[in-house]
Number of protein chains: 2
Amino acid sequence: MTHKPDPRTLFQVFKEIGIIEQLSRARLEARLPDGLIAPHFAVLSHLINRGDGAVPIDMARAFQVPKTSMTHTLKGLAAKGHVELRANPQDGRSKTVWLTDKGRALREEVIQALAPGFGDMMQHIDPDELAQMLPTLIKLRSYLDAARNGEGKT
Amino acid sequence: MTHKPDPRTLFQVFKEIGIIEQLSRARLEARLPDGLIAPHFAVLSHLINRGDGAVPIDMARAFQVPKTSMTHTLKGLAAKGHVELRANPQDGRSKTVWLTDKGRALREEVIQALAPGFGDMMQHIDPDELAQMLPTLIKLRSYLDAARNGEGKT
DNA sequence: CTTGAGTGGTACGATATCGTACTATGAATA
DNA sequence: TATTCATAGTACGATATCGTACCACTCAAG
(Lines give C-alpha, C1' and ligand atoms only; values in the text may rest on other atoms or scores of the structure.)
Protein backbone atom coordinates (compact mmCIF):
# COMPACT_ATOMS: atom_id res chain seq x y z
CA MET A 1 0.00 0.00 0.00
CA THR A 2 0.99 3.64 -0.32
CA HIS A 3 2.17 5.20 2.91
CA LYS A 4 2.14 8.80 3.96
CA PRO A 5 4.89 10.54 2.03
CA ASP A 6 7.88 11.47 4.15
CA PRO A 7 8.85 15.09 3.46
CA ARG A 8 12.44 14.20 4.27
CA THR A 9 12.53 11.82 1.33
CA LEU A 10 11.09 14.49 -0.91
CA PHE A 11 13.64 17.01 0.26
CA GLN A 12 16.38 14.54 -0.41
CA VAL A 13 15.17 13.93 -3.95
CA PHE A 14 15.41 17.64 -4.72
CA LYS A 15 18.74 17.88 -2.97
CA GLU A 16 20.24 15.05 -5.02
CA ILE A 17 18.82 16.55 -8.18
CA GLY A 18 20.40 19.87 -7.31
CA ILE A 19 23.82 18.33 -6.79
CA ILE A 20 23.59 16.22 -9.94
CA GLU A 21 22.73 19.33 -11.90
CA GLN A 22 25.79 21.09 -10.52
CA LEU A 23 28.17 18.22 -11.17
CA SER A 24 26.89 17.40 -14.64
CA ARG A 25 27.02 21.05 -15.64
CA ALA A 26 30.61 21.28 -14.45
CA ARG A 27 31.38 18.14 -16.40
CA LEU A 28 29.91 19.57 -19.58
CA GLU A 29 31.58 22.94 -19.18
CA ALA A 30 34.97 21.30 -18.80
CA ARG A 31 34.56 20.18 -22.42
CA LEU A 32 33.45 23.52 -23.79
CA PRO A 33 35.88 26.02 -25.33
CA ASP A 34 36.92 29.15 -23.48
CA GLY A 35 34.00 31.55 -23.13
CA LEU A 36 31.13 29.12 -23.53
CA ILE A 37 29.07 27.64 -20.72
CA ALA A 38 26.24 25.18 -20.40
CA PRO A 39 23.40 27.45 -21.57
CA HIS A 40 25.29 28.14 -24.80
CA PHE A 41 25.54 24.43 -25.50
CA ALA A 42 21.91 23.94 -24.55
CA VAL A 43 20.91 26.52 -27.15
CA LEU A 44 22.96 24.85 -29.87
CA SER A 45 21.41 21.47 -29.07
CA HIS A 46 17.95 22.94 -29.00
CA LEU A 47 18.42 24.42 -32.44
CA ILE A 48 19.63 21.09 -33.77
CA ASN A 49 16.74 19.18 -32.25
CA ARG A 50 13.92 21.59 -32.88
CA GLY A 51 15.27 23.12 -36.02
CA ASP A 52 16.71 26.43 -37.09
CA GLY A 53 14.89 29.72 -37.12
CA ALA A 54 13.45 29.62 -33.62
CA VAL A 55 12.23 32.83 -32.01
CA PRO A 56 14.21 33.88 -28.91
CA ILE A 57 11.16 34.29 -26.68
CA ASP A 58 10.11 30.70 -27.42
CA MET A 59 13.54 29.45 -26.49
CA ALA A 60 13.42 31.41 -23.25
CA ARG A 61 10.16 29.66 -22.43
CA ALA A 62 11.49 26.26 -23.39
CA PHE A 63 14.42 26.73 -21.03
CA GLN A 64 12.35 28.42 -18.33
CA VAL A 65 14.65 31.39 -18.17
CA PRO A 66 13.83 35.12 -18.31
CA LYS A 67 13.98 36.59 -21.76
CA THR A 68 16.82 38.87 -20.66
CA SER A 69 18.93 35.82 -19.89
CA MET A 70 18.22 34.40 -23.32
CA THR A 71 19.21 37.70 -24.94
CA HIS A 72 22.49 37.53 -23.06
CA THR A 73 23.18 33.92 -24.02
CA LEU A 74 22.38 34.51 -27.68
CA LYS A 75 24.57 37.60 -27.73
CA GLY A 76 27.47 35.46 -26.56
CA LEU A 77 26.88 32.78 -29.17
CA ALA A 78 26.47 35.36 -31.93
CA ALA A 79 29.64 37.16 -30.90
CA LYS A 80 31.59 33.93 -31.34
CA GLY A 81 29.89 33.17 -34.63
CA HIS A 82 28.00 30.06 -33.56
CA VAL A 83 24.58 31.45 -34.33
CA GLU A 84 23.19 34.22 -36.46
CA LEU A 85 20.26 36.47 -35.59
CA ARG A 86 17.97 37.50 -38.39
CA ALA A 87 14.84 39.57 -38.54
CA ASN A 88 11.58 37.67 -38.30
CA PRO A 89 9.62 38.28 -41.50
CA GLN A 90 6.48 37.18 -39.67
CA ASP A 91 6.77 39.69 -36.83
CA GLY A 92 8.76 42.90 -36.79
CA ARG A 93 9.19 42.78 -33.02
CA SER A 94 11.07 39.54 -32.91
CA LYS A 95 14.05 37.82 -34.48
CA THR A 96 14.97 34.33 -35.56
CA VAL A 97 18.04 32.33 -34.53
CA TRP A 98 20.06 30.33 -37.05
CA LEU A 99 22.98 27.98 -36.59
CA THR A 100 26.18 28.67 -38.48
CA ASP A 101 28.41 25.90 -39.76
CA LYS A 102 30.76 26.78 -36.95
CA GLY A 103 27.97 26.32 -34.43
CA ARG A 104 26.98 22.94 -35.84
CA ALA A 105 30.59 21.81 -35.84
CA LEU A 106 31.11 22.90 -32.27
CA ARG A 107 28.07 21.03 -31.08
CA GLU A 108 29.31 17.89 -32.79
CA GLU A 109 32.80 18.20 -31.33
CA VAL A 110 31.46 18.64 -27.81
CA ILE A 111 29.28 15.56 -28.15
CA GLN A 112 32.28 13.58 -29.32
CA ALA A 113 34.28 14.87 -26.38
CA LEU A 114 31.55 13.81 -23.99
CA ALA A 115 31.28 10.28 -25.34
CA PRO A 116 34.17 8.74 -23.38
CA GLY A 117 32.76 10.10 -20.15
CA PHE A 118 29.40 8.59 -20.99
CA GLY A 119 31.03 5.28 -21.65
CA ASP A 120 32.75 5.32 -18.33
CA MET A 121 29.52 6.25 -16.59
CA MET A 122 27.77 3.30 -18.18
CA GLN A 123 30.34 1.00 -16.67
CA HIS A 124 29.42 2.17 -13.21
CA ILE A 125 25.70 2.76 -13.53
CA ASP A 126 23.08 0.61 -15.16
CA PRO A 127 21.72 2.57 -18.13
CA ASP A 128 18.37 0.86 -17.77
CA GLU A 129 18.10 2.14 -14.26
CA LEU A 130 18.61 5.68 -15.50
CA ALA A 131 16.17 5.17 -18.32
CA GLN A 132 13.53 3.86 -15.94
CA MET A 133 13.80 7.05 -13.96
CA LEU A 134 12.99 9.19 -16.96
CA PRO A 135 9.17 8.96 -16.94
CA THR A 136 9.05 10.01 -13.29
CA LEU A 137 11.40 12.90 -13.94
CA ILE A 138 9.20 14.02 -16.78
CA LYS A 139 6.10 13.85 -14.61
CA LEU A 140 7.81 15.86 -11.93
CA ARG A 141 9.05 18.47 -14.36
CA SER A 142 5.64 18.74 -15.98
CA TYR A 143 3.94 19.21 -12.65
CA LEU A 144 6.37 21.89 -11.50
CA ASP A 145 6.02 23.60 -14.84
CA ALA A 146 2.24 23.61 -14.69
CA ALA A 147 2.12 24.57 -11.02
CA ARG A 148 4.29 27.59 -11.64
CA ASN A 149 1.27 29.86 -11.89
CA GLY A 150 1.23 33.59 -12.18
CA GLU A 151 5.02 33.73 -11.91
CA GLY A 152 5.02 33.37 -15.65
CA LYS A 153 7.43 36.23 -16.28
CA THR A 154 9.94 34.05 -18.06
CA MET B 1 18.26 -8.09 -21.51
CA THR B 2 20.17 -4.85 -21.33
CA HIS B 3 20.48 -3.03 -24.64
CA LYS B 4 23.10 -0.56 -25.71
CA PRO B 5 22.42 2.68 -23.89
CA ASP B 6 20.95 5.41 -26.06
CA PRO B 7 22.88 8.64 -25.48
CA ARG B 8 19.70 10.57 -26.29
CA THR B 9 17.99 9.06 -23.28
CA LEU B 10 20.94 9.96 -21.11
CA PHE B 11 20.94 13.51 -22.40
CA GLN B 12 17.27 13.76 -21.68
CA VAL B 13 17.72 12.60 -18.10
CA PHE B 14 20.21 15.38 -17.48
CA LYS B 15 18.03 17.87 -19.26
CA GLU B 16 14.99 17.04 -17.15
CA ILE B 17 17.10 17.17 -14.02
CA GLY B 18 18.35 20.60 -15.01
CA ILE B 19 14.86 21.95 -15.52
CA ILE B 20 13.56 20.41 -12.31
CA GLU B 21 16.40 22.03 -10.43
CA GLN B 22 15.51 25.40 -11.92
CA LEU B 23 11.81 25.13 -11.21
CA SER B 24 12.16 23.74 -7.70
CA ARG B 25 14.69 26.42 -6.83
CA ALA B 26 12.33 29.12 -8.07
CA ARG B 27 9.57 27.55 -6.02
CA LEU B 28 11.67 27.60 -2.86
CA GLU B 29 12.90 31.12 -3.38
CA ALA B 30 9.36 32.39 -3.76
CA ARG B 31 8.89 31.43 -0.11
CA LEU B 32 12.08 33.04 1.16
CA PRO B 33 12.20 36.57 2.59
CA ASP B 34 13.69 39.42 0.62
CA GLY B 35 17.44 39.03 0.23
CA LEU B 36 17.71 35.28 0.75
CA ILE B 37 18.04 32.68 -1.98
CA ALA B 38 18.24 28.92 -2.19
CA PRO B 39 21.88 28.51 -1.05
CA HIS B 40 21.09 30.45 2.13
CA PHE B 41 18.28 28.08 2.95
CA ALA B 42 20.44 25.10 2.08
CA VAL B 43 23.02 26.25 4.59
CA LEU B 44 20.43 26.66 7.34
CA SER B 45 19.08 23.17 6.67
CA HIS B 46 22.55 21.70 6.59
CA LEU B 47 23.34 23.17 9.99
CA ILE B 48 20.13 21.78 11.41
CA ASN B 49 20.75 18.33 9.99
CA ARG B 50 24.47 18.01 10.56
CA GLY B 51 24.66 20.14 13.67
CA ASP B 52 26.04 23.51 14.59
CA GLY B 53 29.65 24.50 14.54
CA ALA B 54 30.54 23.28 11.06
CA VAL B 55 33.65 24.57 9.34
CA PRO B 56 32.98 26.63 6.17
CA ILE B 57 35.36 24.66 3.99
CA ASP B 58 33.54 21.43 4.86
CA MET B 59 30.23 23.00 3.93
CA ALA B 60 31.68 24.19 0.63
CA ARG B 61 32.70 20.60 -0.10
CA ALA B 62 29.34 19.22 0.95
CA PHE B 63 27.61 21.57 -1.47
CA GLN B 64 30.22 21.16 -4.19
CA VAL B 65 30.76 24.89 -4.49
CA PRO B 66 33.99 26.90 -4.43
CA LYS B 67 34.97 28.15 -1.03
CA THR B 68 34.62 31.72 -2.25
CA SER B 69 30.95 31.09 -2.94
CA MET B 70 30.48 29.71 0.55
CA THR B 71 32.19 32.76 2.04
CA HIS B 72 29.75 34.94 0.13
CA THR B 73 26.69 32.95 1.19
CA LEU B 74 27.74 32.90 4.84
CA LYS B 75 28.42 36.62 4.77
CA GLY B 76 24.86 37.19 3.62
CA LEU B 77 23.38 34.98 6.34
CA ALA B 78 25.55 36.55 9.01
CA ALA B 79 24.62 40.07 7.90
CA LYS B 80 20.96 39.22 8.40
CA GLY B 81 21.63 37.58 11.74
CA HIS B 82 20.70 34.03 10.78
CA VAL B 83 24.11 32.57 11.55
CA GLU B 84 27.10 33.57 13.62
CA LEU B 85 30.74 32.99 12.72
CA ARG B 86 33.12 32.17 15.51
CA ALA B 87 36.80 31.34 15.61
CA ASN B 88 37.70 27.67 15.48
CA PRO B 89 39.56 26.79 18.68
CA GLN B 90 40.92 23.70 16.92
CA ASP B 91 42.44 25.58 13.99
CA GLY B 92 43.36 29.23 13.81
CA ARG B 93 42.94 29.31 10.03
CA SER B 94 39.29 28.42 10.03
CA LYS B 95 36.01 29.43 11.62
CA THR B 96 32.88 27.70 12.81
CA VAL B 97 29.30 28.49 11.83
CA TRP B 98 26.48 28.63 14.38
CA LEU B 99 22.76 29.07 13.93
CA THR B 100 21.06 31.89 15.76
CA ASP B 101 17.52 31.61 17.12
CA LYS B 102 16.48 33.82 14.23
CA GLY B 103 18.05 31.41 11.79
CA ARG B 104 16.34 28.40 13.31
CA ALA B 105 13.01 30.19 13.30
CA LEU B 106 13.38 31.22 9.69
CA ARG B 107 14.14 27.69 8.60
CA GLU B 108 11.06 26.44 10.39
CA GLU B 109 8.83 29.11 8.86
CA VAL B 110 10.02 28.33 5.38
CA ILE B 111 9.35 24.65 5.82
CA GLN B 112 5.84 25.42 7.01
CA ALA B 113 5.33 27.66 4.01
CA LEU B 114 6.47 24.89 1.70
CA ALA B 115 4.15 22.27 3.16
CA PRO B 116 0.99 23.19 1.21
CA GLY B 117 2.92 23.04 -2.02
CA PHE B 118 4.19 19.60 -1.11
CA GLY B 119 0.69 18.47 -0.35
CA ASP B 120 -0.51 19.62 -3.71
CA MET B 121 2.37 17.92 -5.43
CA MET B 122 1.51 14.64 -3.72
CA GLN B 123 -1.96 14.83 -5.19
CA HIS B 124 -0.52 14.88 -8.68
CA ILE B 125 2.51 12.64 -8.33
CA ASP B 126 2.82 9.30 -6.60
CA PRO B 127 5.21 9.79 -3.67
CA ASP B 128 6.33 6.19 -3.93
CA GLU B 129 7.39 6.78 -7.48
CA LEU B 130 9.59 9.65 -6.36
CA ALA B 131 10.97 7.63 -3.48
CA GLN B 132 11.83 4.75 -5.79
CA MET B 133 13.89 7.13 -7.87
CA LEU B 134 16.03 8.13 -4.93
CA PRO B 135 18.53 5.24 -4.90
CA THR B 136 19.31 5.76 -8.57
CA LEU B 137 19.74 9.49 -8.05
CA ILE B 138 22.13 8.79 -5.21
CA LYS B 139 24.13 6.37 -7.34
CA LEU B 140 24.34 8.93 -10.10
CA ARG B 141 25.37 11.70 -7.77
CA SER B 142 27.97 9.50 -6.11
CA TYR B 143 29.44 8.50 -9.43
CA LEU B 144 29.66 12.07 -10.69
CA ASP B 145 31.17 13.14 -7.42
CA ALA B 146 33.82 10.43 -7.51
CA ALA B 147 34.53 10.90 -11.21
CA ARG B 148 35.19 14.59 -10.73
CA ASN B 149 38.93 14.02 -10.51
CA GLY B 150 41.63 16.60 -10.26
CA GLU B 151 39.12 19.41 -10.62
CA GLY B 152 38.87 19.32 -6.88
CA LYS B 153 39.28 23.04 -6.35
CA THR B 154 36.00 23.47 -4.52
C1' DC C 1 -7.16 55.24 -39.77
C1' DT C 2 -6.58 55.92 -34.75
C1' DT C 3 -6.07 54.44 -30.34
C1' DG C 4 -4.82 51.52 -26.57
C1' DA C 5 -3.47 47.11 -24.74
C1' DG C 6 -0.19 43.42 -25.37
C1' DT C 7 4.27 41.47 -26.71
C1' DG C 8 9.47 40.82 -28.15
C1' DG C 9 13.81 42.59 -27.42
C1' DT C 10 17.30 45.18 -25.01
C1' DA C 11 19.66 48.52 -21.76
C1' DC C 12 20.71 48.89 -17.15
C1' DG C 13 21.55 47.87 -12.36
C1' DA C 14 21.81 44.57 -8.44
C1' DT C 15 23.45 40.50 -6.95
C1' DA C 16 25.44 35.59 -7.52
C1' DT C 17 29.06 32.59 -8.98
C1' DC C 18 33.56 31.49 -9.43
C1' DG C 19 38.67 31.83 -10.73
C1' DT C 20 43.01 34.02 -9.25
C1' DA C 21 45.88 35.84 -5.98
C1' DC C 22 47.08 36.88 -1.39
C1' DT C 23 47.46 36.38 3.81
C1' DA C 24 47.66 33.83 7.92
C1' DT C 25 48.00 29.62 10.16
C1' DG C 26 49.19 24.83 10.61
C1' DA C 27 52.03 20.67 9.62
C1' DA C 28 56.05 18.22 8.11
C1' DT C 29 60.79 17.85 7.68
C1' DA C 30 65.41 18.70 8.33
C1' DT D 1 63.95 25.64 15.93
C1' DA D 2 63.94 26.88 10.96
C1' DT D 3 62.31 26.05 6.58
C1' DT D 4 59.04 24.57 3.40
C1' DC D 5 54.69 23.11 1.92
C1' DA D 6 49.69 22.74 2.51
C1' DT D 7 45.31 24.69 3.82
C1' DA D 8 41.23 28.16 5.35
C1' DG D 9 39.53 32.32 4.42
C1' DT D 10 38.93 36.54 1.86
C1' DA D 11 39.61 40.49 -1.53
C1' DC D 12 39.08 41.36 -6.18
C1' DG D 13 37.68 41.12 -10.92
C1' DA D 14 35.04 38.87 -14.73
C1' DT D 15 30.96 37.14 -16.09
C1' DA D 16 26.05 35.16 -15.40
C1' DT D 17 21.40 35.70 -13.89
C1' DC D 18 17.46 38.18 -13.50
C1' DG D 19 14.16 42.13 -12.30
C1' DT D 20 12.70 46.72 -13.94
C1' DA D 21 12.08 49.99 -17.32
C1' DC D 22 11.78 51.26 -21.87
C1' DC D 23 11.00 51.19 -26.98
C1' DA D 24 9.20 49.30 -31.24
C1' DC D 25 5.93 46.73 -33.29
C1' DT D 26 1.35 44.02 -33.46
C1' DC D 27 -3.34 43.55 -33.06
C1' DA D 28 -8.00 44.45 -31.86
C1' DA D 29 -11.69 47.83 -31.00
C1' DG D 30 -13.74 51.61 -32.37
Side-chain angles (χ1 to χ4, degrees), chain A residues 18-19 21-23 25-26 28-30 32-43 53-80 83 85-97 148 150-154, chain B residues 18-19 21-23 25-26 28-30 32-43 53-80 83 85-97 148 150-154:
Chain A
I19 295 181
E21 190 277 337
Q22 252 178 327
L23 293 173
R25 180 164 40 83
L28 167 63
E29 289 178 352
L32 291 179
D34 68 327
L36 297 185
I37 58 180
H40 295 124
F41 178 76
V43 164
V55 176
I57 188 71
D58 292 334
M59 302 176 60
R61 289 187 180 123
F63 291 149
Q64 304 286 4
V65 298
K67 57 185 180 175
T68 56
S69 302
M70 185 52 63
T71 295
H72 184 75
T73 301
L74 290 175
K75 191 190 291 184
L77 281 171
K80 297 203 188 298
V83 302
L85 294 178
R86 303 185 196 151
N88 183 352
Q90 313 284 298
D91 188 334
R93 293 168 298 179
S94 68
K95 302 182 173 176
T96 55
V97 189
R148 167 194 56 101
E151 353 283 325
K153 290 295 173 187
T154 299
Chain B
I19 296 181
E21 190 278 336
Q22 250 178 329
L23 293 173
R25 180 164 41 83
L28 166 62
E29 289 179 351
L32 292 178
D34 67 329
L36 297 186
I37 59 179
H40 295 123
F41 178 76
V43 164
V55 176
I57 188 71
D58 292 334
M59 302 176 61
R61 289 188 180 122
F63 291 150
Q64 305 286 5
V65 298
K67 56 185 180 175
T68 56
S69 302
M70 185 52 64
T71 296
H72 184 76
T73 301
L74 290 175
K75 191 189 290 184
L77 282 171
K80 297 202 188 300
V83 302
L85 294 179
R86 303 184 197 153
N88 184 352
Q90 313 284 297
D91 188 334
R93 292 169 299 181
S94 68
K95 301 182 175 176
T96 55
V97 189
R148 167 193 56 100
E151 352 283 326
K153 291 293 175 188
T154 300

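Just so it is clear: chains get the letters A, B, ... in the order the sequence lines come, proteins before strands, and each one is counted from 1.
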Atom pair distance, as rounded to whole Å: [atom1] in [X] and [atom2] in [N]:
X       : N      : atom1 : atom2 : value
A:Gln90 : C:dG8  : CD    : C1'   : 15 Å
B:His72 : D:dA16 : NE2   : P     : 17 Å
B:Ile57 : C:dA24 : CD1   : C1'   : 15 Å
B:Arg25 : C:dT15 : CZ    : C1'   : 14 Å
A:Met70 : D:dC18 : CE    : C1'   : 13 Å
A:Asp91 : C:dT7  : CG    : C1'   : 8 Å
A:Arg93 : D:dC25 : CZ    : C1'   : 6 Å
A:Gln22 : D:dT17 : CD    : C1'   : 15 Å

*Is there a residue in residues 34-42 of chain B whose heavy atoms reach under 4.0 Å of DNA chain D, and which residues are they?*
none
Under-4.0 Å side-chain N/O to phosphate OP1/OP2 contact, [X] with [N]:
X       : N      : value
A:Thr71 : C:dT10 : yes
A:Arg61 : C:dG8  : yes
B:Thr68 : D:dT10 : no

*asked:* I'd like to know whether A:Lys80 forms a side chain to side chain contact (heavy atoms under 4.5 Å, CB included) with A:Asp34, so could you lay out the CA-CA distance, the side-chain angles of the two residues, the decisive distance to 0.1 Å, and finally the verdict.
replied: CA-CA 11 Å; A:Lys80 297 203 188 298; A:Asp34 68 327; 3.9 Å; yes
Which distance, rounded to the nearest 0.5 Å, do you find between the [atom1] of [X] and the [atom2] of [Y]?
X       : Y       : atom1 : atom2 : result
B:Glu29 : B:Leu32 : CD    : CG    : 6.5 Å
A:His72 : A:Thr68 : NE2   : OG1   : 9.5 Å
A:Met59 : A:Met70 : CE    : CE    : 5.0 Å

_For B:Thr96 and A:Gly92, find the nucleotide of DNA chain D closest to each by heavy atoms; which residue's nucleotide sits nearer the 5' end?_
B:Thr96
Side-chain contact test, heavy atoms from C-beta onward, threshold under 4.5 Å: evaluate it for [X] versus [Y] and give yes or no.
X       : Y       : value
B:Thr96 : B:Leu85 : no
A:Pro56 : A:Val97 : yes
A:Thr73 : A:Ile37 : no

*asked:* Taking any heavy-atom pair under 4.0 Å as a contact, classify B:Ser94: base, sugar-phosphate, or nothing.
replied: sugar-phosphate
*For A:Asn88, which contact category applies under a 4.0 Å heavy-atom criterion: base, sugar-phosphate, or nothing?*
nothing
*Donor-acceptor pair under 3.5 Å: do we get one between A:Lys67's side chain and the base of C:dG9?*
yes
*Of the nucleotides C:dA11, D:dA11, D:dG9, which one has an atom closest to the side chain of B:Lys75?*
D:dA11
